[in-house]
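Have a look at the structure below before the remarks.
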Amino acid sequence: MPELPEVETVREGLERLVLGRAVLDVSVRREYSIRRQPGGADALESALLGRTLSAAARRGKFLWLPIADEAGQDTPDSALLIHLGMSGQLRVTEIDEVAREPGDHVRVRLTLGVAAVVGERPEDLDPALILDFVDQRTFGHLSVARLIPTADGLAGGRGTTDPLIPEPVAHIARDLLDPDLDLPALIQRIQRRRTGVKRALLDQRLVSGIGNIYADEALWRAELHYAAATDRLTTARLEGLLTAAQDVMTEALHAGGTSFDALYVNVNGSSGYFSRSLAVYGQHGLPCPRCGTPIVREPFANRSSHFCPVCQRIR
DNA sequence: AAGGCCACCTGCTTGC
DNA sequence: TGCAAGCAGGTGGCCT
């Protein structure tokens, strides 16, 4: 499901709904979903219980919630790290509405305390919440990770000003919506690669957040073939491609953001509103919106590439 | 040692 | 109808 726009939509939902809340209970229903957690469920639980979720940050497709001892304490040194994989979702529900057992695909359930604001009267307190990590295919995962300094000393990602990043995310490059992204440097790094341009777009160590959908959409907008050699692309061409990727993800983010209600943190990429705006992804056999030629799907790196055989030629 | 392949897991769709 | 193969939005690790 989730590429950058979907994960950012989830981050915004978390920022709105769970900040300042304490973790009251941790229930791991599928060990595999916390396979990256050293020490397993016990370690996850003891790292989270009683701690406060103090921010909602994102770089590329990785999300993290820094955890503090108490609301407002010093800069946290660890965070709850979440990757949604192919099919992950987060759902927030008021505890009173959860009368029945979690559904089959709920892999981890957190119970979060009331948002404690000093001076607030009890009747004004928000109710406790359930935060469910739902994941059909279980490629997603969740763990508590140490926060370490960023390589460039700048903010770790969207949603935080701290120059810190979870250790397992340190190798992930800044994404195209990150204000601290160095675009000229990225273009040079791409030109120094000897590979096909789509492989470069999908390499999260080079630029993060782009997945198969937005890679195909950006290549179509920039009129580039997925296998075009990176070391033969001009700076102008690459600027056009990266701008197209920025545009398509920004548009998807705006479309995704509209389909939200207050207590449902959703991930809805292809089934959501934006799927109607896709030019090539999943559109094989349908006419290219630019020239009318039927869109083609070809095997690529154990998945598929969708493109217009006329607009996107190798030269 | 950069580049590329594949396993990891579940469930739905397609085709014989 | 039944069963197998194909397909799905990601990525870490391992091979060359």
- [ ] Starting at the 5' end of DNA chain C, write a dot or bracket for each base, bracketing those in Watson-Crick or G-U wobble pairs whose two distances are under 3.5 Å and using | for partners on another strand.
- [x] .|||||||.|||||||
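In summary, A:Glu251 and A:Arg221 engage in a salt bridge, as defined by a charged side-chain N under 4.0 Å from a carboxylate O. Comment: A:Arg158 does not engage A:Asp175 in a salt bridge, judged by the lack of any side-chain N to carboxylate O separation of less than 4.0 angstrom. Salt bridge annotation for A:Asp231-A:Arg193: absent, with no cationic side-chain nitrogen under 4.0 angstrom from a carboxylate oxygen. Salt-bridge check for A:Asp135 with A:Arg30: failed, with every basic side-chain N at 4.0 Å or more from each acidic carboxylate O.
We find that the ring of A:Phe139 and the base of B:dC8 stack, their centres lying under 5.5 angstrom apart and their planes tilted less than 30°.
Residue A:Arg290 places its CZ atom among more than 12 non-hydrogen atoms of other residues, nucleotides or ligands, all under 6.0 Å distant. Within a 6.0 Å radius of CZ in A:Arg35, more than 12 heavy atoms belonging to other residues, nucleotides or ligands are found.
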- [ ] Using the side chain to side chain contact (heavy atoms under 4.5 Å, CB included) rule, take A:Trp220 and A:Cys288 through it: C-alpha gap first, then chi angles, then the decisive distance, then the call.
- [x] CA-CA 9 Å; A:Trp220 177 80; A:Cys288 166; 3.4 Å; yes
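Between A:Asp175 atom CG and C:dT11 atom C1' there is a gap of 17 Å when expressed in whole angstrom units. Rounded to an integer number of Å, the gap from A:Arg297 CZ to C:dA8 C1' is 10 Å. Atom NE2 in A:His83 sits about 15 Å away from atom C1' in B:dC9, given to the nearest Å. Counting to the nearest Å, the C1' atom of C:dG12 and the NZ atom of A:Lys61 are 13 Å from each other. Separating the OH atom of A:Tyr32 from the C1' atom of C:dG12 is a distance of 10 Å, rounded to the nearest angstrom. Put simply, CD on A:Gln89 is 15 Å from C1' on C:dA8, counting in whole angstrom units. Regarding A:Arg35, its CZ atom lies at a distance of 11 Å from the P atom of C:dG13, rounded to whole Å. Rounded to whole angstrom, the span from the CG atom of A:Asp135 across to the P atom of C:dG10 amounts to 13 Å.
Exactly one residue among A:Thr293, A:Leu219, A:Val296 makes a side chain to side chain contact (heavy atoms under 4.5 Å, CB included) with A:Cys308. That residue is A:Thr293. Each of A:Leu90, A:Leu48, A:Leu129, A:Leu24 was compared with A:Leu110 under the side chain to side chain contact (heavy atoms under 4.5 Å, CB included) criterion, and only A:Leu48 meets it. If you run side-chain hydrogen bond (donor to acceptor under 3.5 Å, both in side chains) between A:Tyr226 and each of A:Lys198, A:Glu298, A:Arg199, A:Gln312, only A:Glu298 comes through. Checking A:Thr235, A:Thr230, A:Thr234 one by one against A:Gln191, the side-chain hydrogen bond (donor to acceptor under 3.5 Å, both in side chains) holds for a single residue, A:Thr235.
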TODO: Determine, for nucleotides 2-7 of chain B in 5'-to-3' order, which nucleotides have protein heavy atoms under 4.0 Å from the base (write B), from only the sugar-phosphate (write S), or from neither (write -).
DONE: -SSSB-
Open item on the list: Return a single string for nucleotides 10-16 of chain B, one symbol per nucleotide in 5' to 3' order, where B is base contact, S is sugar-phosphate-only contact and - is none, cutoff 4.0 angstrom on heavy atoms.
Closed with: BS-----
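A gap of 15 Å separates the P atoms of B:dA7 and C:dA5, to the nearest Å. Rounded to the nearest Å, the gap between the P atom of C:dC3 and that of B:dC9 is 24 Å.
At a threshold of 4.0 angstrom between heavy atoms, the contacts of A:Phe62 are confined to the sugar-phosphate backbone, with no base atom among them. Contact annotation for A:His171: backbone-only contact, meaning every heavy-atom pair under 4.0 Å involves sugar-phosphate atoms and none involves a base.
Side-chain contact between A:Asp69 and A:Arg51: present, with at least one pair of heavy atoms (C-beta onward) separated by less than 4.5 Å.
Proximity of A:Arg303 to the phosphate of C:dA8: no side-chain N or O atom is located under 4.0 Å from OP1 or OP2. When the side-chain nitrogen and oxygen atoms of A:Ser304 are compared with OP1 and OP2 of C:dA8, one or more of them lie within a distance under 4.0 Å.
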